[in-house]
Amino acid sequence: MSLPLVVGVDGSDSCLTAVDWAVDEAVRHGVPLRLVYASLWEHYEAGLPSVGPGRPSEQVLAEQVVASAAERAERRNPDVKVTTDIIPEDAVDALVREGGQAYTLVTGSRGRGALKGLLLGSVGLAVSARAHCPVIVVRGDPAGLAGTHERILLGVGDADDTSTEAVRYAFREAEVRGCVLDVVHAWRRAAFDRHGNPIRAGGPEDTCEERASAVVDARLKAAIGEYPHVRTRPATSGGPAAKILVDRTAAADLVIVGARRRTSAFGLQLGRVSHALLHHAQCPVAVVPARQ
């Protein structure tokens, strides 16, 4: 049986947008949809005296949230198989665990808590940093959310920044959508330490571009053979990678970046580019972890 597309729901407007987007994505890939509400309400309300025979208010809210999300998904496309679950657990921990049996995890860009005005909710950021499967944070302008650009954007970095899994994920998305895959590698003529001092001299601009093109070619070689029908448009650009990719999301339906595994117990290390995209991209952002 196909692994489901798991969506974290919380009743927020951002979550409902994520549900709509996830239904369309489930249709594209022919996978079921699983809507999950997670909260520690059971822990907090267990010690409170009962005020009546009714169920705890948070439990009622949870049931309403998942029922509303499921109804919305069915209205969006009645052919998608939808299941729901309510988990009395921390939202991040629950979604990360769900990711172990998910095709992809999907979250909205903001929650319904007191900090919902932030550019990115804490759950979306933490799940993106810790999950063992691809995570998509649904955000962006109407065109990016609707998928009208017919372009997928893949950011390619140096060394191990871009995993084989991220590249294949991008090719798979481009193939199933029948769209162009823009592959962008940003280069800089010099590297700097944290104080802004150059630590190595950069070469001539044409040499930097040649090096960048070689990086892109090496990253794409295997995937091009695996997905021969996907149209790719490799590009190199001098400047900060975060700014270049954020700017290019204005003409993309999905931007994909890899995430490196760190050796500590904190899970995935998200770099500056991932953070910038998660907070500022004008289309949904997919963070794809490298396999251990």
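Since the model is a prediction, treat every value here as computed from it, not as a measurement.
- Residues meeting the ring pair (Phe, Tyr, Trp, His ring centres under 6.0 Å) test with Tyr103, sequence neighbours left out: His29.
- Checked against side chain to side chain donor-acceptor pair (under 3.5 Å), Arg177 has the following partners two or more places apart in sequence or in another chain: Glu25, Glu173.
- Here the side chains of Leu35 and Val7 are in contact, with some heavy-atom distance below 4.5 Å.
- Between the side chain of Ser39 and the main chain of Pro88, no donor-acceptor pair closer than 3.5 Å is present.
- Residues meeting the salt bridge (Lys or Arg N to Asp or Glu O under 4.0 Å) test with Glu150, sequence neighbours left out: none.
- No side-chain donor-acceptor contact under 3.5 Å links Thr84 and Tyr37.
- Considering only residues two or more places apart in sequence or on other chains, Asp217 meets the side-chain contact (heavy atoms from CB on, under 4.5 Å) condition with none of them.
- At a threshold of 4.5 Å between non-hydrogen side-chain atoms, the residues Ile136 and Leu105 do not count as touching.
- Under the 3.5 Å distance criterion, the side-chain polar atoms of Asp85 are left unmatched by any main-chain donor or acceptor of Val36.
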- Determine, step by step, whether Arg151 and Asp253 satisfy the salt bridge (Lys or Arg N to Asp or Glu O under 4.0 Å) criterion, reporting the C-alpha distance in whole Å, the side-chain angles of both residues, the deciding distance to 0.1 Å, and the verdict. CA-CA 6 Å; Arg151 292 183 184 179; Asp253 300 326; over 6 Å; no
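- Counting only residues at least two apart or on different chains, no ring pair (Phe, Tyr, Trp, His ring centres under 6.0 Å) pair has a member in residues 78-99.
- Side-chain contact between Val138 and Thr107: absent, with no pair of heavy atoms (C-beta onward) separated by less than 4.5 Å.
- Comment: Arg76 engages Asp24 in a salt bridge, judged by a side-chain N to carboxylate O separation of less than 4.0 angstrom.
- Within the 4.5 Å cutoff, the side chain of Pro234 has heavy atoms near those of the Thr232 side chain.
- Asp79 contributes atom CG, which lies 10.0 Å from atom CD of Glu74 (distance to the nearest 0.5 angstrom).
- No side-chain heavy atom of Ile256 sits under 4.5 Å from any side-chain heavy atom of Leu153.
- Among residues two or more places apart in sequence or in another chain, the side-chain contact (heavy atoms from CB on, under 4.5 Å) test is passed with Ala102 by Val6, Cys133.
- Nearest heavy atom pair, residue Ser128 against residue Val135, reads OG-CG1, 3.6 Å.
- A donor-acceptor pair under 3.5 Å links the side-chain atoms of Arg139 to the main chain of Ala281, judged by distance alone.
- You'll find the side chain of Val156 stays beyond 4.5 Å of the side chain of Val184, heavy atoms only.
- Between the side chain of Thr17 and the backbone N or O of Asp13, at least one donor-acceptor pair lies under 3.5 Å.
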- Any chance you could lay out the side chain to side chain contact (heavy atoms under 4.5 Å, CB included) test for Arg233 and Val183, step after step, and finish with the verdict? CA-CA 6 Å; Arg233 291 200 299 202; Val183 184; over 6 Å; no
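- Of all heavy-atom pairs between Leu154 and Ala166, the closest is CD1-O, 4.1 Å.
- In the hydrophobic cluster analysis, where Ile, Leu, Val, Met, Phe, Trp and Tyr join through side-chain heavy atoms closer than 4.5 angstrom, Val23 is grouped apart from Leu16.
- Here the straight-line distance linking atom NE2 of His185 with atom CD1 of Ile244 works out to 9.5 Å at 0.5 Å rounding.
- Taking each heavy atom of Ile224 and Phe171 in turn, the nearest pair found is CG1-CZ, 3.8 Å.
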- Task: Determine, step by step, whether Val31 and Lys81 satisfy the side chain to side chain contact (heavy atoms under 4.5 Å, CB included) criterion, reporting the C-alpha distance in whole Å, the side-chain angles of both residues, the deciding distance to 0.1 Å, and the verdict.
- Result: CA-CA 8 Å; Val31 298; Lys81 181 180 178 182; over 6 Å; no
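- Environment of CD in Glu226: crowded, with over 12 heavy atoms of neighbouring residues, nucleotides or ligands closer than 6.0 Å.
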- Task: Please lay out, stage by stage, how Val246 and Val273 fare under the test side chain to side chain contact (heavy atoms under 4.5 Å, CB included).
- Result: CA-CA 9 Å; Val246 167; Val273 173; over 6 Å; no
- Task: For side chain to side chain contact (heavy atoms under 4.5 Å, CB included), just list the numbers for Asp20 and Arg72, CA-CA rounded to whole Å, side-chain angles, deciding distance to a tenth of an Å, and then say yes or no.
- Result: CA-CA 8 Å; Asp20 289 343; Arg72 187 182 183 98; 2.8 Å; yes
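- One hydrophobic cluster, built from ILVMFWY side chains closer than 4.5 Å, cannot hold both Val288 and Val176; they sit in different ones.
- Ionic pairing of Asp247 and Lys243 is present here: one or more N-O contacts between side-chain nitrogen and carboxylate oxygen are shorter than 4.0 angstrom.
- Listed here is the closest heavy atom pair of Leu95 and Gly8: CD2-CA, 3.9 Å.
- Distance check, rounded to the nearest 0.5 Å: CG of Leu254 to SG of Cys283 gives 6.0 Å.
- Of all non-hydrogen atoms in Val65 and Gly11, the two that sit nearest each other are CG1-N, 3.5 Å.
- No single ILVMFWY cluster, assembled from side-chain heavy atoms under 4.5 Å apart, contains both Tyr169 and Val180.
- Summarising the geometry of Pro228 relative to Gly225, their closest heavy-atom pair is CD-O, 3.8 Å, with the distance given to 0.1 Å.
- Side-chain contact between Val92 and Arg130: present, with at least one pair of heavy atoms (C-beta onward) separated by less than 4.5 Å.
- Residues Leu3 and Gln101 are in side-chain contact: their nearest non-hydrogen atoms beyond the backbone lie under 4.5 Å apart.
- Counting only distance, with no hydrogens or angles, the side chain of Thr249 and the backbone of Gln282 share a donor-acceptor pair below 3.5 Å.
- Side-chain N or O atoms of His279 include one that pairs as donor or acceptor with a backbone N or O of His275 at under 3.5 Å.
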